[in-house]
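Working notes, beginning with the structure itself.
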Protein chains: 2
Amino acid sequence: MRRLLELQQKLLPDLTRVLRERYMLLRSIYHLQPIGRRGLAQAMNTTERILRSEVELLKETGLLTVTAAGMQLSGEGQQVLDDMEPLVGELFGLRDLAEGLQKKLGIPEVIVVQGDADQSPWVKAELGRVGARVLKQAIQEGDIVAVTGGTSIASVANHLTPSASFKHVQFVPARGGLGERVELQANTLAAAMAAKTGATYRLLHVPDRLHPEALQTLLKEPQVQDVLALLQNTRIVLHGIGDAIAMARRRNYSEEELADLAEAGAVSEAFGYYFNEAGETVHRMPTIGLQLEEVHKAETVLSIAGGESKAKAILSFAKQSCQNVLITDEGAARALLSTRL
Amino acid sequence: MRRLLELQQKLLPDLTRVLRERYMLLRSIYHLQPIGRRGLAQAMNTTERILRSEVELLKETGLLTVTAAGMQLSGEGQQVLDDMEPLVGELFGLRDLAEGLQKKLGIPEVIVVQGDADQSPWVKAELGRVGARVLKQAIQEGDIVAVTGGTSIASVANHLTPSASFKHVQFVPARGGLGERVELQANTLAAAMAAKTGATYRLLHVPDRLHPEALQTLLKEPQVQDVLALLQNTRIVLHGIGDAIAMARRRNYSEEELADLAEAGAVSEAFGYYFNEAGETVHRMPTIGLQLEEVHKAETVLSIAGGESKAKAILSFAKQSCQNVLITDEGAARALLSTRL
DNA sequence: ATATACAGGGACAAAAAACGTCCCGATCAA
DNA sequence: TTGATCGGGACGTTTTTTGTCCCTGTATAT
């Protein structure tokens with residue numbers, strides 16, 4: 001494929017530019033639909049007229065339909081967008097980035113999506129879309145999937161679709177309450193994923209900020225024990241990676257606690273663990289759930305994190321060397337590759 | 001590849017049109033170089049200005065160089081033209097034509113080049129170029145290659161290049177003098193091919209229009225016997241297919257003989273044999289050389305014929321069902337496919 | 001050597017396409 | 001019902017493409 005592209009580019013030098021632009025257009029429409037000309041023009045920061053020409057062309061090709069509510073992708077347009085996925089790597093040079101990361105971080109598989117989650121809101125959605133696709137491919141009957149909270153994982157939940165392969169799958173929250181907003185909590189997302197796919201789910205109801213003694217009591221509860229037993233047999237871990245300080249702040253840590261974390265050198269966060277640059281655990285959220293050893297035992301660990309601001313955190317967590325697949329974005333990838341080892 | 005092209009076409013509807021045009025441009029330059037803007041514009045019947053824009057673009061891409069003598073392909077341009085070969089089948093729908101012919105005529109491999117040899121002079125050159133390529137692929141050490149005369153085969157000779165694989169190959173004329181112009185005779189072409197490739201060759205010197213008795217005498221000549229013995233071990237036959245009447249006329253048949261041929265239903269001609277629509281031999285040139293049985297015995301029979309006017313002849317000869325590869329052009333292919341079985 | 005024919009490149013007006021901008025009636029959501 | 005937003009029409013302006021002609025240099029044949 002690469003060869004064909006190079007050949008075509010010699011005969012039609014701005015082929016890739018056009019393909020890139022059209023791809024971004026389709027993708028934007030997909031994420032914003034139904035959307036009007038003006039709104040879209042603003043979102044893609046281009047002019048209304050120029051966008052109009054593009055849209056008219058895509059309309060003639062039948063890739064998008066135009067209603068009074070705005071424009072949206074047709075079935076074929078959706079199909080084309082999906083079919084383009086492998087092409088995108090070449091068009092934006094993402095394949096090279098992915099290979100570079102793979103080598104640098106020692107992760108078996110790396111997928112890089114175009115854009116920067118810090119700058120463009122839809123990039124998070126893209127991460128979710130790709131994450132959902134990868135999860136669907138990895139899933140096997142009877143799997144136990146441990147999921148964490150966070151915006152990236154929430155995005156995956158959003159893009160999951162019903163499928164027979166999820167029939168006997170169980171989604172289990174990786175950890176109990178972590179003090180996040182409810183729509184981003186692991187419990188919520190496990191349930192949401194189950195609902196979207198047709199799988200089943202379990203919950204881990206652990207109130208926030210419990211005293212250690214109360215925690216011990218809870219641990220004896222049959223329901224809780226049940227879930228913990230399931231977590232020990234986790235085959236797939238689906239988790240996000242957070243910036244340590246940002247996560248702590250989101251979880252309403254006091255200024256004092258934040259200072260402690262910073263002093264300890266915490267850089268990244270995942271399933272309630274905080275890691276320093278060397279990948280060592282420097283702090284744990286006071287709750288119960290998936291243990292780090294169990295993550296290492298899992299067959300497939302799917303990490304999702306994007307945005308330039310996440311680069312340091314990704315690098316830190318990669319030290320765990322337990323990941324099988326990393327899904328990230330261009331912004332993070334470039335930042336990672338430009339830092340010295 | 002096909003899939004990628006379809007995808008691209010949805011995003012850039014006139015991609016294939018542009019690729020087609022640029023390909024034809026490169027090809028025309030290749031066949032006419034060095035050529036000036038005006039001459040080329042006339043040859044491709046387009047305007048000077050529009051061609052100029054195209055040329056400027058290709059020049060910037062480095063595909064052609066511009067000298068005071070005119071423009072010509074650069075090394076890279078040459079390379080691109082070669083690399084495009086597989087693409088051309090898709091762009092011009094030639095793959096479908098080839099498959100159709102393969103089915104209809106029962107020939108294992110069919111290659112169709114773009115254009116019509118009756119209309120555009122360079123199509124014959126293209127047939128030769130492709131023929132040379134195929135021959136080069138088919139050749140093995142120690143092969144004996146029987147070649148016929150004719151313009152198509154002459155074109156193959158023109159496009160052959162030196163190669164180590166031709167080291168111990170012998171080119172042998174399929175038949176003795178057949179009354180054609182010397183530059184199209186089998187003898188000449190066998191020698192030419194040997195010279196171009198670095199192979200060796202043998203000649204079959206048989207004067208035109210010999211009496212049967214004289215022929216018998218000649219047959220006893222050691223030199224002749226030698227060549228005939230070689231022909232019995234022919235592994236590759238490289239031959240053209242002619243329209244029966246046209247060939248006879250080119251060979252200065254009398255009006256009376258022509259009438260006889262026509263009455264006998266002669267349609268096609270190859271290595272001195274004339275066949276009717278059913279593929280039956282209705283006449284033979286009075287000379288010596290490769291026998292029809294030997295053609296059937298050969299491992300590879302490479303037939304080359306193009307132009308709409310050759311369609312009937314190709315169909316007739318295909319009845320022999322001894323061909324392995326047919327190289328023809330769009331004009332002939334379309335005509336063949338549009339005739340009832 | 002010289003004439004000639006043909007090469008590429010420059011120039012420029014005409015034509016066409018692309019673009020910026022504004023408006024309008026329809027439609028949907030509040 | 002109201003207000004915001006939708007797609008499509010309209011139109012002048014800008015940019016690009018195209019047609020046309022000319023000029024100078026260079027091969028080639030005489």
Side-chain angles (χ1 to χ4, degrees), chain A residues 11-78 121-122, chain B residues 11-78 121-122:
Chain A
L11 287 147
L12 195 54
D14 49 15
L15 170 76
T16 62
R17 188 184 52 77
V18 175
L19 286 182
R20 268 198 297 268
E21 282 173 4
R22 301 256 155 94
Y23 167 76
M24 291 202 290
L25 177 56
L26 282 184
R27 196 189 51 178
S28 297
I29 294 176
Y30 168 77
H31 285 302
L32 298 169
Q33 62 189 341
I35 177 77
R37 238 173 26 214
R38 285 166 267 263
L40 188 55
Q42 196 172 356
M44 300 192 62
N45 64 321
T46 177
T47 68
E48 180 193 334
R49 194 59 182 78
I50 204 167
L51 190 137
R52 191 171 172 172
S53 311
E54 294 285 293
V55 161
E56 268 165 8
L57 193 142
L58 293 183
K59 193 170 53 176
E60 275 182 19
T61 325
L63 263 49
L64 54 82
T65 60
V66 172
T67 70
M71 39 206 175
Q72 52 196 69
L73 292 193
S74 68
E76 196 180 348
Q78 171 73 52
W122 61 68
Chain B
L11 286 146
L12 195 54
D14 50 12
L15 170 75
T16 61
R17 187 183 52 78
V18 174
L19 286 182
R20 267 199 298 266
E21 282 173 3
R22 303 255 154 95
Y23 167 76
M24 292 202 289
L25 178 56
L26 282 183
R27 197 190 50 179
S28 296
I29 295 176
Y30 168 76
H31 284 302
L32 298 169
Q33 63 190 341
I35 177 77
R37 239 174 24 215
R38 285 168 266 264
L40 189 54
Q42 197 172 356
M44 301 192 60
N45 63 321
T46 176
T47 69
E48 179 193 335
R49 195 57 181 79
I50 204 167
L51 189 137
R52 190 172 173 174
S53 310
E54 293 285 294
V55 161
E56 269 166 8
L57 193 141
L58 291 183
K59 193 170 53 178
E60 276 182 18
T61 325
L63 263 49
L64 54 83
T65 59
V66 171
T67 71
M71 39 204 175
Q72 51 196 71
L73 292 194
S74 68
E76 196 180 348
Q78 172 74 52
W122 59 69

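Note on naming: letters A, B, ... go to the chains in the order of the sequence lines (proteins, then strands), and numbering restarts at 1 for each one.
- Of all nucleotides in DNA chain D, those with any atom nearer than 4.0 Å to a heavy atom of chain B start and finish, going 5' to 3', at D:dT18 to D:dT26.
- In this structure, B:Glu56 CD and B:Leu64 CG are separated by 10.5 Å, a value rounded to the nearest 0.5 Å.
- Residue B:Ile35 is classed as a sugar-phosphate contact, given heavy-atom separations below 4.0 Å to backbone atoms only.
- A:His31 places a side-chain heavy atom less than 4.5 Å from the side chain of A:Arg27.
- How far NZ of B:Lys59 is from CE of B:Met71: 9.5 Å, rounded to the nearest 0.5 Å.
- In this structure, B:Thr67 contributes its side chain and B:Ala69 its backbone to a donor-acceptor pair below 3.5 Å.
- A search for side-chain contact (heavy atoms from CB on, under 4.5 Å) contacts involving B:Thr65 returns B:Gln72, B:Ser74, not counting sequence neighbours.
- Here the P atom of nucleotide C:dA7 and the CG atom of B:Leu51 are 12 Å apart, to the nearest Å.
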With 3.5 Å as the limit, what N/O pairs link the protein to nucleotides 17-22 of chain C?
residue : atom : partner : partner atom : Å
C:dG20  : OP2  : A:Thr47 : OG1          : 2.5
C:dG20  : O6   : A:Arg49 : NE           : 3.3

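- Axis angle between the ends of the helix from C:dA1-D:dT30 to C:dA30-D:dT1, five pairs each and rounded to 10 degrees, works out to 40°.
- Applying the side chain to side chain donor-acceptor pair (under 3.5 Å) criterion to A:Asp14, with sequence neighbours excluded, gives A:Arg17.
- B:Met71 has its CE atom 9 Å from the C1' atom of C:dG8, to the nearest Å.
- Proximity of B:Leu15 to A:Val18: side-chain heavy atoms (C-beta onward) are nowhere separated by under 4.5 Å.
- Atom-to-atom distance recorded for B:Thr47:OG1 and B:Arg52:CZ is 11.0 Å, nearest 0.5 angstrom.
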Indicate every side-chain donor-acceptor pair of residues 32-44 of chain B with a distance under 3.5 Å to a residue at least two apart or in another chain.
residue : atom : partner : partner atom : Å
B:Gln33 : OE1  : B:Leu73 : N            : 2.8
B:Gln33 : NE2  : B:Tyr30 : O            : 3.4
B:Arg37 : NE   : B:Glu48 : OE2          : 3.3
B:Arg37 : NH2  : B:Glu48 : OE2          : 2.8
B:Arg38 : NH1  : B:Glu48 : OE2          : 3.4

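- Contact annotation: the side chain of A:Leu57 approaches that of A:Arg22 to within less than 4.5 Å [non-hydrogen atoms, C-beta and beyond].
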